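For the numbers below, each heavy atom of this structure counts, side chains included, while hydrogens, waters and symmetry mates do not. Computed from a predicted model, the values in this text were never measured in an experiment.
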Amino acid sequence: QEWKNTFATWDPQDFCNISKIILPMSTYWSPPIFILERVNGQNSNLDYMVVMHNGSFNSTQPFQVTLTCSLMILKFPFDTQTCNVSIASFLYPAVSDLVMKTRRSPAEMMKDSQSYFLTDGEWKFTNLSITEYMEQLDHEQFSVVTYTISIERRPTLYILNLILPTCALYLLDMAVLFGPSSLEEKISFQIAIILGSSMLAVILNNILPTSSNKPPIIGTR
């Protein structure tokens, strides 16, 4: 966060060429902002800010948060999810008191965000966009900045563990159904295939989220 306070300025030549100082956050006013989609989080202990001689304030507070996102898993495991991180402050109207602006472009933030992914997990970070707008609340407008994050699932593990075994079971089912085997052998094979399909359905049910409006295509076969 960066903001300016015209009442906190000084001439460095009058104070031993000191051009900046570090003070606790409680010393001066700081913009109270919060994340709209935040469920819970862990704040850092860096409750300090840098004050420049020209009245510029700079505060960096890293923390981890858990957000809520609406999932669309119809194309699982080849799905792409979009999550929003909305930063707002509903204490100061944007018309007269507080307007939030982003300092860096989406391309710069995209590059920095990709550098944070040090391990290859289930998700792949694909895109980041920024939207600045005014939110109407109680006949007043408030400044909101929304970061839209797009992530793509890596499907390799699900292809090997779910899709390929499911296709193999269906091919085996067709081969047994139209094969020259006797009726008793076909019934025993069909029972084995039904049990295998049931086990795959249980595995699929355990790994899929339950917050999607539409079930995945692979689960409605």
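Taking the six-membered ring for Trp, Phe34 and Phe90 have ring centres closer than 6.0 Å. Taking the centre of each ring, Tyr92 and Phe142 stay at or above the 6.0 Å mark.
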How far apart are the C-alpha atoms of Trp3 and Met49, what are their side-chain angles, what is the distance that settles it, and do they pass the side-chain contact (heavy atoms from CB on, under 4.5 Å) test? CA-CA 11 Å; Trp3 67 95; Met49 57 185 174; 3.9 Å; yes
Set out, in order, the CA-CA distance, both residues' side-chain angles and the distance that settles side-chain contact (heavy atoms from CB on, under 4.5 Å) for Cys69 and Glu37, then state yes or no. CA-CA 8 Å; Cys69 293; Glu37 297 86 359; over 6 Å; no
Kindly determine whether Ile151 and Lys124 satisfy side-chain contact (heavy atoms from CB on, under 4.5 Å), including the steps that lead there. CA-CA 5 Å; Ile151 53 178; Lys124 178 182 178 182; over 6 Å; no
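Nearest heavy atom pair, residue Val50 against residue Lys20, reads CG1-CD, 4.0 Å. Considering every non-hydrogen atom in both Pro77 and Pro155, the closest pair reads O-CB, 3.4 Å. When all heavy atoms of Gln1 and Pro31 are compared, the closest pair comes out as NE2-O, 3.9 Å. Looking at every heavy atom in both residues, Glu152 comes nearest to Thr80 through CG-OG1, 3.9 Å.
Separating the CG atom in Asp79 from the CD1 atom in Ile73 is a distance of 7.5 Å, to the nearest 0.5 Å. For the atom pair OG of Ser143 and CD1 of Ile33, the computed distance is 10.0 Å after rounding to the nearest 0.5 Å. Separation of atoms OG (Ser150) and CE (Met110) is listed at 8.5 Å; rounding is to 0.5 Å. Interatomic distance, Ile130 CD1 to Met109 CE, rounded to the nearest 0.5 Å: 5.0 Å. Taken to the nearest 0.5 Å, the CG atom of Asn5 stands 14.5 Å off from the CE atom of Met52. Put simply, OG1 on Thr6 and CG on Asn54 are 11.5 Å apart, with the number rounded to the nearest 0.5 Å.
Taking hydrophobic clusters as Ile, Leu, Val, Met, Phe, Trp and Tyr residues chained together by side-chain heavy-atom distances below 4.5 Å, Leu160 does not share a cluster with Leu157. No single ILVMFWY cluster, assembled from side-chain heavy atoms under 4.5 Å apart, contains both Met100 and Leu36. When the side chains of ILVMFWY residues are joined at heavy-atom separations under 4.5 Å, either directly or via intervening members, Val51 and Phe15 end up in a single hydrophobic cluster. Following chains of ILVMFWY side-chain contacts shorter than 4.5 Å, one cannot reach Val144 starting from Val65, and the two form parts of different hydrophobic clusters. Clustering ILVMFWY residues whenever any of their side-chain heavy atoms sit less than 4.5 angstrom apart, transitively, puts Leu91 in the very cluster that holds Tyr28.
Using modelled atom types, one side-chain atom of Gln81 and one backbone atom of Met72 make a donor-acceptor pair closer than 3.5 Å. A donor-acceptor pair under 3.5 Å is absent between the side-chain atoms of Glu2 and the main chain of Ser56, judged by distance alone. Side chain of Arg38 to main chain of Leu67: no donor-acceptor pair is present (N/O by atom type, distance under 3.5 Å, no hydrogens or angles). Judged by distance alone, with hydrogens and angles left aside, the side-chain atoms of Ser89 form a donor-acceptor pair with the main-chain N or O of Pro32 at under 3.5 Å.
For the pair Ile21/Trp10, a side-chain contact is recorded, criterion being any heavy-atom separation below 4.5 Å from C-beta on. Residues Tyr48 and Thr60 form no side-chain contact, since every pair of their non-hydrogen atoms from C-beta on lies 4.5 Å or further apart. Side-chain contact between Arg153 and Trp123 is present, with at least one heavy-atom pair separated by less than 4.5 Å. With a 4.5 Å cut-off on side-chain heavy atoms, Ile18 and Pro12 do not count as touching. Using a 4.5 Å cut-off on side-chain heavy atoms (C-beta onward), Ile149 and Thr82 make no contact. A heavy-atom distance below 4.5 Å is not found between the side chains of Gln141 and Pro93. With contacts defined as side-chain heavy-atom distances shorter than 4.5 Å, the pair Glu132/Lys101 qualifies. For the pair Ser129 and Tyr147, the minimum side-chain heavy-atom distance is 4.5 Å or more.
Among Asn127, Asn84, Thr131, the one residue that satisfies the side chain to side chain donor-acceptor pair (under 3.5 Å) test with Thr148 is Asn84.
Chaining together hydrophobic side chains whose heavy atoms lie under 4.5 Å apart places Val99 alongside Met134.
Tyr158 and Glu122 are linked by a side-chain donor-acceptor pair at a separation below 3.5 angstrom, with hydrogens and angles left out of the test. Side-chain contact of Ser86 with Thr146: a donor-acceptor pair under 3.5 Å is present, judged by distance alone.
Counting non-hydrogen atoms of other residues, nucleotides and ligands closer than 6.0 Å to CD of Gln13 gives a total of 12 or fewer.
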